[in-house]
Every structure is written in C-alpha cells, then in structure tokens.
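To keep things clear, I will list the structure first and then write my remarks on it.
Atom set for the values below is all heavy atoms of this structure, side chains included, hydrogens, waters and symmetry mates excluded. The sequence lines fix the lettering, A, B, ..., with proteins before strands; numbering per chain opens at 1.
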Protein chains: 2
Amino acid sequence: MSRAVTLRDVARVADVSAKTVSRVVNGDAHVTPSTRERVQRAIDDLGFEPNLVARSLRVGRADAIGLVVESLADPFFARLTSAVEQAALERGLAVMISSVGDLPDREAVVVRSLLVRQVAGLIVVPVAETHAHLEDPRQRTPVVFVDRRPDGMDGDAVVVDDLAAAETATRHLLAHGHRRVGFLGSQTRNPTTRLRLEGYRRALAAHGVAEDPALVALGAGTAQTAREAAEQLFAGPQPPTAVFASNMRCSLGLVPFLHSSGRTDVAVVGFDDFPMADSLLPAVTVIDHEPEAVGRAAAERLFRRLAEPDVPAETVVVPVRLVQRGSGELPPPAGTTGPRGADGGEDDPGRTTDAPVQQDGTREWEMAQEGGGRS
Amino acid sequence: MSRAVTLRDVARVADVSAKTVSRVVNGDAHVTPSTRERVQRAIDDLGFEPNLVARSLRVGRADAIGLVVESLADPFFARLTSAVEQAALERGLAVMISSVGDLPDREAVVVRSLLVRQVAGLIVVPVAETHAHLEDPRQRTPVVFVDRRPDGMDGDAVVVDDLAAAETATRHLLAHGHRRVGFLGSQTRNPTTRLRLEGYRRALAAHGVAEDPALVALGAGTAQTAREAAEQLFAGPQPPTAVFASNMRCSLGLVPFLHSSGRTDVAVVGFDDFPMADSLLPAVTVIDHEPEAVGRAAAERLFRRLAEPDVPAETVVVPVRLVQRGSGELPPPAGTTGPRGADGGEDDPGRTTDAPVQQDGTREWEMAQEGGGRS
DNA sequence: CTCGCCCGTGTCAACGATGTCAAGGTTGAT
DNA sequence: ATCAACCTTGACATCGTTGACACGGGCGAG
C-alpha cells in the first residue's frame with residue numbers, strides 16, 4: 001500500500017522542479033527537448049499518473065460532465081447515455097451519471113450532487129416540475145437540456161418536436177379510420193408528455209373528433225404501470241380501437257398487454273423505436289428518433305459551450321420520422337369506423353419523414369436560434 | 001459569475017474558524033449547540049455547498065465509484081448500471097461510467113481514466129483479454145468483477161454460472177429432440193462467451209451429439225453483426241433446427257432475422273431476457289438473470305469491501321432460471337429428429353430453477369468462498 | 001556593444017477542505 | 001482548593017497540482 005507517485009517524486013528523480021514536470025505532462029511547448037526527455041523517462045520509470053482530483057481543485061473545475069436522465073432502464077436513455085459517454089471519452093472527460101426515477105423531486109438532489117463535484121457542465125433530461133434549482137448554478141456551470149426543455153427556460157437544448165410528432169402519430173391513426181384513439185402517457189407534469197398529449201389533442205381536433213377523457217390514460221411511469229394503465233383503458237365500455245403510446249415505456253407495457261390478451265387487432269403507434277418492434281406480429285409502427293444522435297448532439301453542444309461560454313444559446317431540433325410497420329396501419333373493426341375508408345390518403349407510403357429536415361447521416365443538424373419553433 | 005462560497009466565507013460570517021464550520025458540515029459531535037446553530041445559519045444564508053473535489057484531494061479518495069461495462073446500449077448492462085447507480089446514490093457516492101465497446105484494448109484505457117480520478121472503488125465487467133492493467137491498481141483501489149471473472153484472477157466477483165446455465169439451455173433444446181443445435185456468440189476471448197460455449201459443448205457431449213463447427217457462429221458483438229452471423233448460420237447446406245443465442249445482443253440479432261426470413265419454426269433459447277421476448281410469436285425462451293440483482297449485489301460487495309478492506313474475497317453467484325415461453329420448446333421438423341420424441345423428459349414443466357439456490361426476493365444471495373464453484 | 005526580448009526553468013502561493021495538535025475553559029473528583 | 005480529564009475551538013500544515021511571476025542567459029536589432 002505504498003503512496004502514489006506524485007509530481008514531486010518525478011521532479012526529484014529527473015532533477016527538475018515540479019513545475020517543469022507539470023509542463024511536460026501537459027504538453028507545454030516551452031520545454032527543451034532534452035529536459036522533456038529526461039522528465040519523460042522519470043515519469044515512465046516511476047509509473048507516474050497525474051492526480052486529476054488535485055488538478056481539478058487547482059483549476060476549479062473537474063474534467064467531468066454530469067448527465068441526468070429519467071431512467072437508465074429505458075433503452076432510449078441508455079443509448080443516449082452511451083452516446084454521451086462516447087463523445088466525452090473522445091475529449092478525455094469523465095461522465096458522472098444519475099437517474100431521477102419517478103420521483104421528480106429527486107432531480108434537484110442529483111443535480112446538486114453533481115454540482116458539488118464541480119462538473120464542468122451538465123446534460124439534463126428535465127423531469128422535475130420546476131427548475132429553480134438550476135437557475136443559480138447555471139451561472140457557473142453550463143447546462144444543456146436534452147429531449148425536452150423545461151417550461152419557460154431558455155438556454156441550450158436538444159429536443160424533438162414533440163408536439164408535431166405526436167400530432168403526426170395521432171393523425172396517422174385517424175387517417176386509417178380510427179375514431180376512438182387512446183393516449184397512453186406518464187405524468188402531465190412531465191413536459192414531454194404534456195406536449196405529446198397536446199399534439200394528440202390537436203390531431204383529434206383537426207379531424208373533428210371529440211376528446212373522450214376515458215381514452216386518455218396517464219400515470220404510466222414504468223412498463224409495469226403502463227401495462228396497468230393500458231388494462232384500464234380497455235376495461236371501459238367503449239375501448240379504443242387504436243392507441244398512441246407516448247413513450248417507450250408505454251409501448252413496453254402496452255404491447256405485451258395487447259398480445260397477452262389477444263387484442264393484436266388494436267392499432268398502435270409508439271413514440272420511440274424499441275427492440276423487437278419489427279419482429280412482432282403485427283410489427284409496431286413508431287415515431288423514431290435516434291437516441292445516439294440526440295446524445296451526441298447534446299454532448300457536442302455542451303463542449304462547444306464550454307469552449308465558448310458566450311455564444312448565444314441554441315436549440316438543436318433532432319428530426320423524427322414515422323416508421324410504418326403494420327400496427328399503425330391496422331383498420332378499425334367494422335362498425336366503429338367513421339366516414340373515411342380504412343386507407344386514409346394522408347400519409348405517404350413507406351417511411352415518412354415528418355420532421356422539418358431529414359437527417360443526412362452525418363452530424364449536420366437543423367439548428368434553430370433560441371426561441372424558434374416552440375409554442 | 002461570482003466566486004463560489006467557501007468554508008472560510010462561512011467562517012467569517014459565523015465568526016468562527018474554518019475548522020469549526022468543517023465540523024458542523026460533517027456532523028462532528030464536538031460542537032456546542034449554539035455554535036452549531038450560528039454556523040448553520042451562516043451556511044444557509046450564504047448557500048454554502050462544500051466542494052467535494054477539495055475534500056477528495058484532502059482525504060485522498062474521491063467519493064465516487066467507477067463502473068466499466070461492455071456496452072450501455074445493451075439493456076442488460078443498462079439495467080445493471082441503473083442498479084449500481086441507485087445503490088451508490090443511497091450512500092452518497094457518485095458513479096463514473098465508461099463503456100468499453102468492442103475494442104477490448106480500451107478497457108485498460110478507461111480503467112486508467114477512472115483511477116486517475118481517484119475513484120474509491122471499481123466495478124468492472126471484464127472484457128479485455130488480459131487484466132494485468134488491474135493487478136497493480138488493485139493494491140490501492142478495490143475492484144469487484146461482475147458478470148464474469150477474468151481468467152486466473154481472484155478477488156471479489158458477482159457472477160452467474162455461465163457454464164451450467166449454457167449447458168442447461170442447450171440440453172433443453174436437445175431434450176426437445178433437436179440434433180442440429182446452433183451456437184451464436186461474440187468472441188471466444190470473451191470469457192463469458194468461452195464458458196457458455198463450453199457449456200454448450202458439454203451438453204452436446206452428454207447427449208452424444210458430435211459438434212459441427214458449421215453450427216458455431218462467433219463474432220456477434222452487436223445486434224447487427226449478430227444478425228449477419230445468424231444469416232451465415234442458416235446459409236449452409238445443413239442449417240440448425242435450434243439455436244442457443246449466448247447473450248442478449250445475439251438474441252436481438254437472431255430473432256428479427258428469423259422473423260424476417262419466415263423461419264419462426266426454428267427453436268431458440270436466449271441468454272438474458274429481453275424486452276418483448278414474451279410478446280413475440282413464438283415467445284422466446286430465455287435464461288434469465290436479473291441485471292438489477294447483479295448490479296446491486298456488486299455494489300453492495302464493493303461497499304462492504306470499502307468498509308472492511310481486509311475481509312476475504314467473496315464470489316457471489318446470482319441464480320439464473322430457464323423461462324420457457326415457447327420458442328425453446330418447438331420440436332424439430334419431421335425427419336431431422338433423433339430417437340427421442342419431441343417432449344423430452346428432462347425438464348420440469350413451467351419455470352425451472354437451474355441455479356444452486358433460488359433467489360428469495362430479498363437481498364440474500366448464495367455466497368461462495370473464493371474459488372468455489374468454478375471449473 | 002548594448003539594450004530589450006524571449007526562452008527555459010524555478011519559486012511561491014493558492015485551490016478548499018481536513019487531520020493534528022494545542023490552548024483555554026469547564027467540570028468533577030479528591 | 002487543586003488537579004486531572006475533558007470539551008470546545010482554533011492555528012497551522014497539508015493533500016497534488018498549476019497560475020503568476022521572477023530570474024538568468026542567449027540572441028537579434030540598432
């Protein structure tokens with residue numbers, strides 16, 4: 001259990017000052033090659049590794065970023081996390097990760113726990129109802145919001161156009177003749193859910209369909225509770241003939257329920273693609289957005305801000321697309337349909353791009369200046 | 001952009017020394033109530049938050065643990081990570097995470113990057129071929145291996161009995177009459193894959209079935225490459241009638257391939273449960289082990305070691321069970337079967353527990369002293 | 001040749017917290 | 001009353017690194 005090797009140890013062996021060793025370690029150009037070589041040899045001989053905690057204290061910032069997500073068990077956030085971690089590693093930054101779970105109040109706690117560790121920046125999936133706990137720290141630590149933006153806060157964000165995407169999904173079902181379209185979501189205090197619910201409502205309104213409160217099931221925070229919410233949705237006297245599952249966990253609860261109860265005739269569109277979606281019968285139609293793309297965009301945005309603290313805030317809108325696989329194109333059972341035929345003419349065949357611009361596969365994203373495009 | 005509030009600032013306001021503030025912050029009992037109250041008020045007034053980086057430097061350890069997994073995009077590791085993070089949060093520890101991806105050499109890099117940040121301990125899913133890069137640091141930083149144990153290393157570990165589980169899975173297929181059973185796995189330098197392949201071989205041998213190299217497909221590191229490997233498996237003149245997918249990514253590649261090519265008559269047993277497995281037709285039979293249980297057990301083990309560095313190393317074996325859902329019980333097509341009937345008498349009906357002991361739902365795990373149970 | 005500049009290197013202090021030790025005060029036992 | 005033991009509190013050094021600054025020497029410009 002010998003003490004770790006420090007700069008001073010190296011300095012003694014190389015017969016220079018600690019400062020010079022520091023210069024070599026940090027690749028400072030102002031070191032004579034011969035000195036550099038001597039120091040380097042001492043470093044190698046002793047197996048010196050710089051203590052990043054000490055460095056962090058000295059420079060006032062840890063070389064780590066914090067990531068706060070809703071749930072790591074959700075494959076969407078897991079893949080997002082993976083992309084962030086990847087991008088951070090390329091820049092030599094560590095990633096401290098925290099998940100909030102379904103206790104929104106914990107967001108403030110985990111954010112604080114990251115801030116006291118002096119993270120250089122934060123990427124946050126906002127979950128809490130208010131974000132006052134972020135206002136103050138943002139003066140010192142840049143924050144990039146991802147997946148959604150908290151109410152009334154400006155700043156950098158990487159989002160999808162939830163409202164438009166949800167409206168598209170719902171219109172898709174309506175266009176296939178459904179009039180009793182269910183909505184499955186988590187909490188309305190979750191801004192994402194609220195926006196998606198609003199999109200759902202707009203689609204209904206556009207089609208002149210009155211909203212039936214019995215068709216809106218909320219409280220689906222996990223696959224388990226989503227399943228229960230779905231059960232209730234179908235327990236009523238007039239169950240839906242189609243359902244919009246407004247996030248991956250909802251799909252993961254809804255779809256197994258429909259399968260296990262033999263209701264695979266119900267049309268489904270899910271928000272977020274999920275594993276196996278295209279191997280089910282029918283395969284599940286989804287609104288897809290790549291979590292890796294979202295994660296990477298958020299990380300890049302944060303890095304840019306760390307490099308240039310004073311550039312104006314940007315909102316990156318990640319495109320989504322409707323992937324038609326079958327479940328979303330099921331017709332309603334005879335007798336429940338409205339005036340339109342089952343083959344609604346609203347959608348393009350095949351894969352339809354509903355987002356403002358199509359991703360081109362590189363890292364070019366549509367960028368919108370602050371405030372653009374949100375309602 | 002005002003400077004952060006420090007101990008000294010609080011000390012000045014409360015008219016005490018910095019040391020006393022430190023005592024209050026750390027709950028030291030030797031402070032007069034009146035002083036404590038005065039200091040506390042100053043802390044609240046100023047909004048003081050201790051700088052954990054400074055504390056870490058002083059005490060020589062960061063209050064964070066490192067977690068190194070193979071891939072966060074794999075839901076198994078994502079859920080494991082979630083459990084570790086949860087357990088760490090309860091103890092006020094941060095979690096720094098790194099994934100290795102499919103470049104085993106990166107393991108040493110990411111481990112190093114965590115060590116220089118002075119993590120108090122590491123939880124590592126071993127991926128690299130050698131773990132010499134861990135030998136030395138382990139003197140200072142405890143390491144718990146999880147999911148598998150690297151060759152020839154002792155120390156704390158939380159594992160599943162890969163060999164026995166894979167043998168069980170393969171026997172299950174053989175018992176249902178299959179004689180051409182395929183194996184889908186990643187790399188044989190991955191100890192997990194090697195053990196599972198060995199289990200597969202033992203099952204074949206036990207049933208007197210000769211191994212056919214054409215039925216062993218390796219190199220499936222991602223769902224995509226797994227799909228390609230599966231395609232090759234079925235491209236040969238004598239394709240398998242059953243396949244053992246030796247990890248989740250393999251299942252995630254194999255199953256969609258079988259579905260999209262209309263080969264849902266092929267029997268499948270997967271290692272690791274995956275989302276939607278029970279909603280597919282046929283539902284997928286799997287060897288299930290709870291990633292949350294594995295993660296939590298690893299975290300608990302690490303915490304115990306941090307508290308008592310000198311207790312002997314322990315290996316925690318997490319139980320697995322075979323979950324029969326249909327795909328693993330499919331009979332071989334007529335004409336390919338051996339002497340046994342389709343309804344092999346080897347397995348119990350319903351859910352079978354193959355691990356040494358059944359988990360009882362609490363945190364009691366079967367503990368094995370070092371060296372027990374591995375071959 | 002001299003002045004000034006830059007280059008290589010070193011000295012010193014500081015980042016913000018805490019361990020060590022000691023001072024002064026109080027309490028209790030004799 | 002006296003002394004020991006204890007309690008509260010503070011001064012100081014220190015964790016390992018880096019920023020600010022200084023110093024001496026070489027070199028180019030005038």
Tell me which of Val59(A) and Val21(B) sits closer to the 5' end of DNA chain D, going by the nucleotide each one is nearest to. Val21(B)
Going 5' to 3' on DNA chain C, which nucleotide is the first and which the last to come under 4.0 Å of a heavy atom in chain A? dG8(C) to dG16(C)
Salt-bridge contact Asp63(B)-Arg117(A) (side-chain N to carboxylate O under 4.0 Å): yes
Can you measure Arg8(A) atom CZ to dT17(D) atom P for me and round it to whole angstrom units? 9 Å
Ionic contact status for Arg138(A) with Asp154(A), cut-off 4.0 Å: yes
To the nearest 0.5 Å, how far apart are CG in Leu57(B) and OG in Ser56(A)? 9.5 Å
Arg38(B) CZ - dT8(D) P separation (whole Å): 14 Å
Taking any heavy-atom pair under 4.0 Å as a contact, classify Thr35(A): base, sugar-phosphate, or nothing. sugar-phosphate
Is there side-chain contact between Arg23(A) and Arg36(A), with at least one heavy-atom pair below 4.5 Å? no
Taking side chain as C-beta onward, heavy atoms only, is Val125(B) less than 4.5 Å from Arg148(B)? yes
What I want to find out is whether Asp9(A) reaches Arg12(A) closely enough, with some N-O distance under 4.0 Å, to be called a salt bridge. yes
Given atom CG of Asn51(B) and atom P of dC15(D), what is their separation to the nearest angstrom? 18 Å
Just the rounded figure in Å: distance from C1' of dT17(D) to CZ of Arg58(A). 8 Å
Establish, with yes or no, whether the OP1 or OP2 oxygen of dT8(D) is under 4.0 angstrom from a side-chain nitrogen or oxygen of Thr20(B). no
Assign Val25(A) to base, sugar-phosphate, or nothing according to its heavy-atom contacts below 4.0 angstrom with the strands shown. nothing
If you compare every side-chain N and O of His30(B) against the phosphate oxygens of dC7(D) (OP1, OP2), does one of them come in below 4.0 Å? no
Tell me which of Val5(A) and Pro33(B) sits closer to the 5' end of DNA chain D, going by the nucleotide each one is nearest to. Pro33(B)
Note: for Lys19(B) and Val53(B) on DNA chain C, the residue whose nearest nucleotide lies more 5' is Val53(B)
Can you tell me how far P of dG16(D) sits from CG of Leu52(A), to the nearest Å? 14 Å
Under a 4.0 Å threshold between the charged nitrogen and the carboxylate oxygen, would Arg296(B) count as salt-bridged to Glu300(B)? yes
Return the value, rounded to whole Å, for the distance between atom CG of Asp28(A) and atom P of dT17(D). 16 Å
Verify the contact: side-chain N or O of Ser17(B) to OP1 or OP2 of dT9(D), cut-off strictly under 4.0 Å; return yes or no. no
Give the rounded distance in Å between these two atoms: CZ of Arg61(B) and P of dG16(D). 12 Å
Rounded to the Å, how far apart are Leu46(A) CG and dG16(D) C1'? 15 Å
